[in-house]
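A note on names: the letters A, B, ... follow the listed sequences, proteins ahead of strands, and every chain is numbered from 1. Note: hydrogens, waters and symmetry copies are ignored here, and every other heavy atom, side chains too, is used.
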Amino acid sequence: MTAATSTAGSAGRARRKAVRTDVRRRIGERRITPYLFIAPHLILFAIFILYPFFLGIWISFHRIRGFGTEGPFVGLGTYERLFNRFNFPEFANTLWNTILFVGMSTPLLIVIALFLANLLNQRFRGRSFFRSVYFVPWTLSVAVVGLTWWWMFNGGGPIPQVLNSVFGGTPNWLGSNPWAWITILIATLWWTIGFNTIILLAGMQAIAVDLYEAAAIDGANKWQQFRHITLPALRPVLLLVITLQIIASFQLMGQPQIITGGDPAPNETTPVMLHIFNVGFTGTNPDRSMAAAMALIVAAIMLVVSVVNFRFFSSERS
Amino acid sequence: MATAIGRGLERDQPVELQAVGHKPRRLLLNRIFLYALLTLIALFFIVPMIIVLSTSFKLQEEVFTDPGLIPRDPGLENYQQLLSGNAPFFRWFLNSAIVATLGTALTVLLTSLSAYAFARIDFRFKGVLFSLLIATLLLPAVMFLVPQSVLIAQMGLYDQLPAFMLPHLAGVFGVFFMRQFFLGIPVELEEAAYVDGANRLKTFWSVILPLAGPAIATLSVITFLAFWNDYLWPLVVCQQNCTLPPGLRTLQGQFTAEYGLLMAGAVVAAVPVLIVYILAQRWIVQSVTSSGVKG
């Protein structure tokens, strides 16, 4: 979390201990000066983050439909509607889809990133070239990633074409499960694995070389070195990556929207984020209040998951 | 923990042991196996992009009859149709370019100003305000989607350029990021300027900002990528006057089976960020490892 450290260098870090971060007001300086510095950003923050924080709760307690911004107060009415037998099954189903995706994608994206980082953490020519290549898709928009893999797995697209000519058949990737989920997982892997890999790789490079040398002299093989030196030393970085991955996977939305359209019916690959979008922003009469209520519940779940995750890892450490 | 990561990145030295007791022949085999594996994995990342590029040069009727990686008769028809056709594609491209550049410049300016005060000047409620800002970093973005879009509608900004930028300009990450950097700059450098009679703003502008080059570069690059690639937010606040990513989604709905055309759209959306990546890779990698941001 210290940008200064990585940019100013280790010399900067050593220096920082001696540095005074002088924060006193200077003689003759007006009291208002610091407030003028923070004001432009703080005003935007108040309008576009602080106010919407409360507005979201307000909306969920009112009945706002269509494209209006006003509606009657209904108290917990929206939540009651959400949990009735018409609306709840779809919410529960899509929430389950998201949890399913978190469960499938997190181990996959961590284990493979560990493997790639370990592979790149060796001395060979072209190392940074391969690192760059693995990271490229991360810079693309989900819209580009979605279109790419939608075409790759499309009925007449490249992958079914190859499978047809080699095996004489292909599954219906985009319209049947488990293939639709596998498509979404592959697209997500392609898009984001480089991110996890780079963080883990940097973490591995911070491990002292002497440890490996000592282990090698003692006859430890590569796997033993990885298991008993790399993994334990990497624990804090792993915690960071796993937490970020769970949060990112929870936000799944664009890939299924563009690649599978939520199919196979009924909404088998629709994650809860896409459901919130569909309810709150599509059709002729979008239900803003319902979308806001669902978003608040999902946000609460995400917060709990993050906290539990941190607790779990820090207690395991001690 | 990130300190450790940053340190590793700086050293940027692979930590492999000189093979202890390995025979040269086995070492050579290992190398061949390693490169084969690395190349195979690289192909997984590269080939889909080549396929998309290749498809974009094929006419609709060629897409299925000419499945090869290299088009038999490549043409720019899809690109011409995109940029001249009835679809407001060119408008989207322009919007994306404006939003990404202007948004980045404003983000850097606003967050640097604020971060400087939080790093260097003592004032009342500083601690409370900073904690408030940081606390919102932890809140899941999903809970802001509906209220922010309702707010944009209230302000009459639906389908307008400022709508794509404003909520992001209020983002807190830059303040946190720049403050960390400013804290590492020795105060003595500022005091020299102060003795010369410069006021705070002048000091900030002529002493601090020039020193913050690397941090500004890093923040600029990731902010640019975030604006250019933003999908969900513009999707909920635009109808006609969109940016490229939601525009691509509109195209997909409009030209469901015109794969060549759609892939051309994807290429146009991808090329600017790929150029930025090639030019500024160092800053991107640094930002990821030093702060664990997810775009």
[X] (side chain) donor-acceptor with [Y] (main chain) under 3.5 angstrom:
X        : Y        : answer
B:Gln281 : A:Ser132 : no
B:Ser114 : A:Ile38  : no
A:His41  : B:Leu109 : no

With only heavy atoms counted, which part of [X] is less than 4.5 Å from chain B, the side chain, the backbone, both or neither?
X        : answer
A:Trp191 : neither
A:Phe277 : side chain
A:Ile47  : both
A:Leu36  : neither
A:Leu140 : both
A:Leu116 : side chain
A:Trp58  : neither
A:Pro40  : both
A:Tyr35  : side chain

Anything under 30° is parallel, anything over 60° is perpendicular, the rest tilted; go ahead and classify A:Phe37 against B:Phe204.
-> perpendicular

Taking the inter-plane angle between the rings of A:Phe124 and B:Tyr35 on a 0 to 90° scale, is it parallel (under 30°), tilted (30 to 60°) or perpendicular (over 60°)?
-> perpendicular

Can you tell which part of [X] gets under 4.5 Å to a heavy atom of chain A, answering side chain, backbone, both or neither?
X        : answer
B:Leu169 : both
B:Phe64  : both
B:Gln148 : both
B:Leu129 : side chain
B:Met178 : neither
B:Ser112 : neither
B:Arg124 : both
B:Ile152 : side chain

Would you mind telling me which of [options] has the largest number of heavy-atom pairs within less than 4.5 Å of chain B?
options                                : answer
A:Leu201, A:Leu119, A:Thr33            : A:Leu119
A:Phe45, A:Tyr51, A:Phe130, A:Tyr134   : A:Tyr134
A:Leu42, A:Asn154, A:Val298            : A:Asn154
A:Leu296, A:Ile247, A:Val136, A:Val142 : A:Val136

Sort out for me which of [options] touches chain A most, counting heavy-atom pairs under 4.5 Å.
options                                : result
B:Val276, B:Leu235, B:Leu262           : B:Leu235
B:Pro67, B:Pro147, B:Gly265, B:Gly253  : B:Pro147
B:Thr55, B:Leu244, B:Leu69, B:Leu37    : B:Thr55
B:Leu106, B:Thr111, B:Leu225, B:Thr136 : B:Thr136
B:Leu113, B:Val52, B:Leu274, B:Leu211  : B:Leu113
B:Leu133, B:Ile278, B:Val63, B:Thr107  : B:Leu133

Taking every non-hydrogen atom, the tightest pair across B:Pro167 and A:Phe48 = CA-CB, 3.9 Å

Establish, yes or no, whether a centroid distance under 6.0 Å links the rings of A:Trp150 and B:Tyr259.
-> yes

